[in-house]
Amino acid sequence: MDWKLEGSPQKTESHVLQEQEVLREDTGEYGMSESFQLLQIDVECERQEGETLPTGGAVSCSKNVQRKQRHWEKIVAAKKSKRKQEKERRKANRVENLGICPQHSKRFLRSLTKERLLEAKHSGPRLCIDLSMSHHMSKKELSRLAGQIRRLYGSNKKATRPFWICLTGFATDGPLYEECLRMNDGFSSYLLDITEEDCFTLFPLETLVYLTPDSEHALEDVDLNKVYILGGLVDESVQKKVTFQKAREHSVKTARLPIQEYMVRCQNGKNYHSEILAINQVFDILSTYSETQSWPEALKKGVSSRKGYVLQNAVE
């Protein structure tokens, strides 16, 4: 009986060719990915260093290796350039939003944002989010409200003149708080006030202005001596006048955004027109007006054309 030992003579050329054919069929030589080809390049380079190849084969292989290496280097350089451009773009956006010099570090920017927010607590405009109605909402509606709170806070951080925000009627052991922790990174460290107290007992009633689309009075200005209230209500059943009735029960002034004064209805396929906005959209309008003192500019910021309204000058 013949046995093939590990130390037996090298395989014949026919055996080598057969194994190469099997290997080609298993790996799909002509459909190999670029990453596997790069591994081949490394192996070929190591062979060139460790073995003596015929002169013609060495030159041919070396040119092929160099060509593939140059191709790979171009790909790597292009990716590095793209990452650098994206980094510069994000940096420029931060500079534009905060209105500061580009040489400042991220640590300095965070410190500056914190200083602005804390200053707003004492001298800035105040905004209250009434979350006392959250127990009427479904899990889906609570998730949407948590997302709106995150976007509102993010916009306030970028504002050159931020509001001081207070979340009232907000139980820390309730489902909305849990949803905010789940969906919003760093929510527990947000620079704002959180209280279970109702907004009507927390502030003097004469300082409160409840913003609701059902009010008869259009908001004319943002007064630093007033506390503006937004109803934290995501109601897919579209119950009307919930926040308006709540304000009337406590004899609190109401106001609506001046959409009717500066915007007109536009035609759309669904004939849909609505002045009901998410709390982060209302905040964007208030924040933009506070900085620009222009209602058209502010309404353009927060009222999407999907609501069925456009600025009057856009129609003219």
Side-chain angles (χ1 to χ4, degrees), residues 93 96-99 116-117 120 124-131 141 144-167 184 190 192 209-224 226-236 238 240-244 247 253-268 270 272-316:
N93 286 341
E96 182 180 354
N97 291 331
L98 295 176
R116 285 177 172 173
L117 290 174
R126 290 174 293 175
L127 183 71
C128 173
I129 311 298
D130 180 12
L131 300 175
E141 292 169 341
R144 290 178 57 189
L145 180 57
Q148 293 176 17
I149 293 173
R150 180 185 68 249
R151 289 188 286 272
L152 186 153
Y153 182 74
S155 296
N156 196 44
K157 285 174 60 178
K158 297 176 183 179
T160 56
R161 191 186 181 189
F163 283 64
W164 182 250
I165 298 171
C166 184
L167 306 181
N184 307 339
Y190 278 11
L192 44 73
V209 178
Y210 212 120
L211 298 179
T212 169
D214 299 308
S215 176
E216 299 175 357
H217 309 288
L219 184 64
E220 297 179 358
D221 198 5
V222 175
D223 189 347
L224 295 179
K226 299 293 184 180
V227 179
Y228 296 94
I229 306 173
L230 298 181
L233 178 64
V234 177
D235 184 12
E236 295 188 347
V238 195
K240 296 183 178 181
K241 298 187 176 182
V242 175
T243 54
F244 179 71
K253 293 180 180 179
T254 62
R256 57 174 173 79
L257 295 174
I259 295 177
Q260 300 173 13
E261 284 70 21
Y262 294 92
M263 307 188 81
V264 295
R265 292 188 175 190
C266 61
Q267 294 182 352
N268 53 64
K270 297 181 179 180
Y272 174 76
H273 304 87
S274 175
E275 297 182 36
I276 300 175
L277 305 175
I279 58 172
N280 58 294
Q281 294 172 326
V282 177
F283 173 79
D284 286 341
I285 294 172
L286 295 177
S287 179
T288 303
Y289 176 79
S290 182
E291 295 178 5
T292 64
Q293 297 297 303
S294 170
W295 279 119
E297 189 70 23
L299 293 170
K300 181 181 178 181
K301 177 79 173 180
V303 181
S304 168
S305 59
R306 293 191 299 270
K307 290 293 182 178
Y309 286 90
V310 295
L311 292 173
Q312 292 179 356
N313 57 6
V315 176
E316 295 172 357

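For the single chain, residues carry numbers from 1 onward in sequence order. Bear in mind the structure is a predicted one, so any value in this text is a computation, not a measurement.
- Evaluation of the ring-ring contact (aromatic ring centres under 6.0 Å, His included) rule for Y153 yields Y190 as partners, not counting sequence neighbours.
- Within the 4.5 Å cutoff, side-chain heavy atoms of L219 are placed close to those of Y228.
- A distance of 13.5 Å separates CZ of R126 from CD1 of I165, quoted to the nearest 0.5 Å.
- Qualifying side chain to side chain donor-acceptor pair (under 3.5 Å) partners for S287, counting only residues two or more places apart in sequence or in other chains: none.
- Checked options T212, D214, D130; the residue passing with T243 is T212 (criterion: side chain to side chain donor-acceptor pair (under 3.5 Å)).
- When every heavy atom of F163 is checked against every heavy atom of L117, the shortest pair comes out as O-CD2, 4.5 Å.
- Annotation: side chain to side chain donor-acceptor pair (under 3.5 Å) contacts of R151 (sequence neighbours excluded): none.
- Aromatic ring pairs are classed by plane angle as parallel below 30°, tilted from 30° to 60° and perpendicular above 60°; the pair Y309 and H273 is perpendicular.
- Rounded to the nearest 0.5 angstrom, L127 CG and L211 CG are separated by 7.5 Å.
- No donor-acceptor distance shorter than 3.5 angstrom exists from the side chain of K307 to the backbone of E275, with no hydrogens or angles considered.
- Between the side chain of E291 and the backbone N or O of T160, at least one donor-acceptor pair lies under 3.5 Å.
- Contacts of S304 classified as side-chain contact (heavy atoms from CB on, under 4.5 Å), with partners at least two apart in sequence or in another chain: R306.
- Contact of the L192 side chain with the I129 side chain is not registered, since no non-hydrogen atoms from C-beta on lie closer than 4.5 Å.
- Looking only at side-chain heavy atoms (C-beta outward), Q293 and D221 come within less than 4.5 Å of each other.
- Among T288, V310, L311, the single residue meeting the side-chain contact (heavy atoms from CB on, under 4.5 Å) criterion with K300 is L311.
- Judged by distance alone, the side chain of N156 and the main-chain N or O of P162 form no donor-acceptor pair under 3.5 Å.
- Residues meeting the salt bridge (charged side-chain N to carboxylate O under 4.0 Å, His left out) test with R256, sequence neighbours left out: E261.
- Put simply, the side chain of K226 reaches to within 4.5 Å of the side chain of K253, judged on heavy atoms.
- A distance-only check finds no donor-acceptor pair linking the side chain of W295 to the backbone of L257 [under 3.5 Å].
- Taking CD from Q148 and CZ from R144, the interatomic distance works out to 6.5 Å, rounded to the nearest 0.5 Å.
- Taking 4.5 Å as the limit, every side-chain heavy atom of Y262 sits out of range of all side-chain heavy atoms of V303.
- Note that the CZ atom of R161 and the CG atom of L224 stand 5.0 Å from one another [nearest 0.5 Å].
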Tell me which donor-acceptor pairs under 3.5 Å the side chains of residues 277-285 have, and how far apart each pair is, sequence neighbours excluded?
{"unit_1": "Q281", "atom_1": "OE1", "unit_2": "A278", "atom_2": "N", "d": "2.9"}
{"unit_1": "D284", "atom_1": "OD1", "unit_2": "S155", "atom_2": "OG", "d": "3.2"}

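- Here CD of Q260 is found 8.5 Å from CZ of R265. Values are rounded to the nearest 0.5 Å.
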